[in-house]
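Reckoned from all heavy atoms, side chains included, excluding hydrogens, waters and symmetry mates.
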Amino acid sequence: DRKITEDALRESEEKYRTLVENASEVIAIIQDWKIVFVNRQGARLIGKTPAELTGRLFMDFIWPEDRELLKEIHGRRVTGEPAPETYDFRIIGAGEKPVWISNSITAISWGGRPAALSLMTNITERKFAEAALQESEATFRSVIEGAPEAIYIGADWNFQYLNPAALRLFGASSGEQLIGTPFMDRIHPKFHEAIHERVVGLYDERVTAPPLEEVYLKLDGSEIEVEVSSVPFRYKGKDGALVFIWDITDRKKAEQARRESAAEYRRILDT
């Protein structure tokens with residue numbers, strides 16, 4: 001029975017070691033801030049062999065700007081304060097390049113003493129993608145914020161964002177007055193049926209809405225004659241529309257003045 005148990009234990013350990021050594025995640029055991037075990041994936045990420053890393057201080061391979069973060073988290077865990085079990089930081093990868101990892105840590109016993117089991121996933125590509133997205137969003141926002149025409153984003157039939165020109169158009173002093181409210185409330189009721197069809201086309205069929213002359217309502221209830229065009233737009237995971245508005249009140253007044261002038265001219269000629 002003892003021999004069978006020993007054989008089963010050896011077989012279990014071999015399977016465990018094979019799994020750990022061939023895992024795509026970095027698996028390391030840290031004790032007294034030293035690396036007492038690291039799998040091949042972890043050593044490969046740093047550009048060394050497991051033997052070269054064993055016994056070394058774990059902190060030596062943390063990106064300098066992130067060392068204080070790890071010290072703080074470890075200090076909170078040691079004193080029994082709430083500490084995150086998963087967090088992101090950078091290590092010094094092969095070629096002295098920063099590598100972003102997501103670290104999940106669990107307390108274990110190693111050699112009869114407390115230790116920490118770290119499961120680390122390389123998230124460098126994700127971090128670069130997030131940074132590129134943030135840069136793209138910042139560029140988009142700067143262009144929209146500085147645009148002379150009124151622009152707003154609609155989703156779920158509500159205002160989600162309005163640029164400064166749109167706030168001025170509606171007579172609002174801040175976005176809080178409009179964001180989250182139905183944009184149909186700011187459209188004259190006589191246009192509701194036509195606008196409803198346009199919005200359904202934008203949201204469901206992803207069809208661009210051509211320019212249309214409408215009447216919008218300011219917050220004080222006064223009317224503005226506008227020309228509106230919209231394109232389908234995804235905003236925070238929701239189907240919506242990016243809406244461009246041109247105030248054509250002056251143009252309409254000029255057209256009316258021309259019509260009245262032409263009518264008066266014809267009346268004079270007829271007389």
Side-chain angles (χ1 to χ4, degrees), residues 129-268:
E130 289 174 354
L133 179 60
Q134 289 173 355
E135 182 179 353
S136 174
E137 288 179 345
T139 301
F140 170 79
R141 183 171 289 274
S142 65
V143 171
I144 297 298
E145 292 281 339
E149 66 266 25
I151 301 172
Y152 74 81
I153 296 173
D156 288 339
W157 297 84
N158 293 326
F159 287 113
Q160 304 292 334
Y161 164 82
L162 300 96
N163 73 344
L167 293 177
R168 291 192 296 270
L169 181 79
F170 289 113
S173 57
S174 69
E176 286 74 15
Q177 293 174 271
L178 290 167
I179 292 174
T181 66
F183 51 73
M184 293 294 277
D185 289 353
R186 305 268 60 86
I187 299 173
H188 196 284
K190 67 181 179 181
F191 291 96
H192 279 190
E193 184 177 349
I195 300 307
H196 187 276
E197 292 180 5
R198 282 166 67 92
V199 173
V200 169
L202 285 160
Y203 285 9
D204 299 341
E205 301 172 17
R206 316 295 294 163
V207 176
T208 297
L212 176 69
E213 292 185 3
E214 308 171 31
V215 175
Y216 272 15
L217 303 173
K218 289 189 174 186
L219 289 174
D220 62 8
S222 58
E223 298 180 359
I224 330 160
E225 294 189 88
V226 295
E227 184 176 87
V228 181
S229 63
S230 310
V231 294
F233 189 78
R234 288 281 293 176
Y235 186 74
K236 295 184 177 180
K238 300 176 182 178
D239 288 328
L242 186 62
V243 183
F244 302 85
I245 312 164
W246 292 270
D247 186 344
I248 59 172
T249 304
D250 292 339
R251 189 183 82 189
K252 285 292 186 179
K253 288 179 179 178
E255 290 173 355
Q256 181 62 25
R258 283 197 298 271
R259 284 195 295 270
E260 292 175 356
S261 177
E264 180 65 14
Y265 180 66
R266 284 195 300 273
R267 188 186 66 78
I268 292 172

Verdict with supporting geometry, Phe183 and Tyr152, side chain to side chain contact (heavy atoms under 4.5 Å, CB included): CA-CA 10 Å; Phe183 51 73; Tyr152 74 81; 4.1 Å; yes
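- Under the 3.5 Å distance criterion, the side-chain polar atoms of Gln177 are matched with a main-chain donor or acceptor of Ser174.
- Atom-to-atom distance recorded for Thr208:OG1 and Leu202:CG is 7.5 Å, nearest 0.5 angstrom.
- The two residues Gly171 and Leu219 have their closest heavy-atom pair at O-CD1, 3.9 Å.
- Side chain of Arg186 to main chain of Lys218: a donor-acceptor pair is present (N/O by atom type, distance under 3.5 Å, no hydrogens or angles).
- No side-chain heavy atom of Val226 sits under 4.5 Å from any side-chain heavy atom of Glu213.
- When side chains are defined from C-beta on, Ile224 does not count as touching Val215, because their heavy atoms never get closer than 4.5 Å.
- The shortest side-chain heavy-atom distance between Val228 and Leu212 does not fall under the 4.5 Å cut-off.
- Proximity of Tyr235 to Leu242: side-chain heavy atoms (C-beta onward) are nowhere separated by under 4.5 Å.
- The nearest pair of heavy atoms linking Glu145 to Pro164 is OE1-CD, 3.2 Å.
- Side-chain N or O atoms of Arg206 include none that pairs as donor or acceptor with a backbone N or O of Val231 at under 3.5 Å.
- His188 contributes no side-chain N or O that, together with a main-chain N or O of Glu214, makes up a donor-acceptor pair within less than 3.5 Å.
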Ile151 vs Val243, side chain to side chain contact (heavy atoms under 4.5 Å, CB included): CA-CA, chis, key distance, verdict: CA-CA 6 Å; Ile151 301 172; Val243 183; over 6 Å; no
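- For the salt bridge (Lys or Arg N to Asp or Glu O under 4.0 Å) test, no residue two or more places apart in sequence or in another chain qualifies with Glu197.
- Panel note: side chain Asp156, backbone Asn158; no donor-acceptor pair is recorded below 3.5 Å.
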Working for side chain to side chain contact (heavy atoms under 4.5 Å, CB included), residues Ser261 and Arg258: CA-CA 5 Å; Ser261 177; Arg258 283 197 298 271; 5.5 Å; no
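- Scored by the side-chain contact (heavy atoms from CB on, under 4.5 Å) test, Val200 finds Trp157, His196, Asp204 as partners (sequence neighbours excluded).
- For the pair Arg251/Glu227, a side-chain contact is recorded, criterion being any heavy-atom separation below 4.5 Å from C-beta on.
- Side chain of Asn163 to backbone of Ala150: no donor-acceptor contact under 3.5 angstrom is found.
- Between Ser229 and Trp246 there is a side-chain heavy-atom pair separated by less than 4.5 Å.
- For Phe140 and Phe233, the ring centers are positioned less than 6.0 Å apart.
- Judged purely by atom type and a 3.5 angstrom limit, Glu225 has no side-chain atom pairing as donor or acceptor with the backbone of Ile248.
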Stepwise ring-ring contact (aromatic ring centres under 6.0 Å, His included) check, Phe159 with Phe170: CA-CA 12 Å; Phe159 287 113; Phe170 289 113; 5.6 Å; yes
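- Checked by atom type, the side-chain pair Glu135/Thr139 shows no donor-acceptor distance below 3.5 Å.
- Residues Ile245 and Tyr216 have side chains in contact (heavy-atom distance under 4.5 Å, counting atoms from C-beta outward).
- Applying the 6.0 Å contact sphere to CD of Glu264 captures more than 12 heavy atoms from other residues, nucleotides or ligands.
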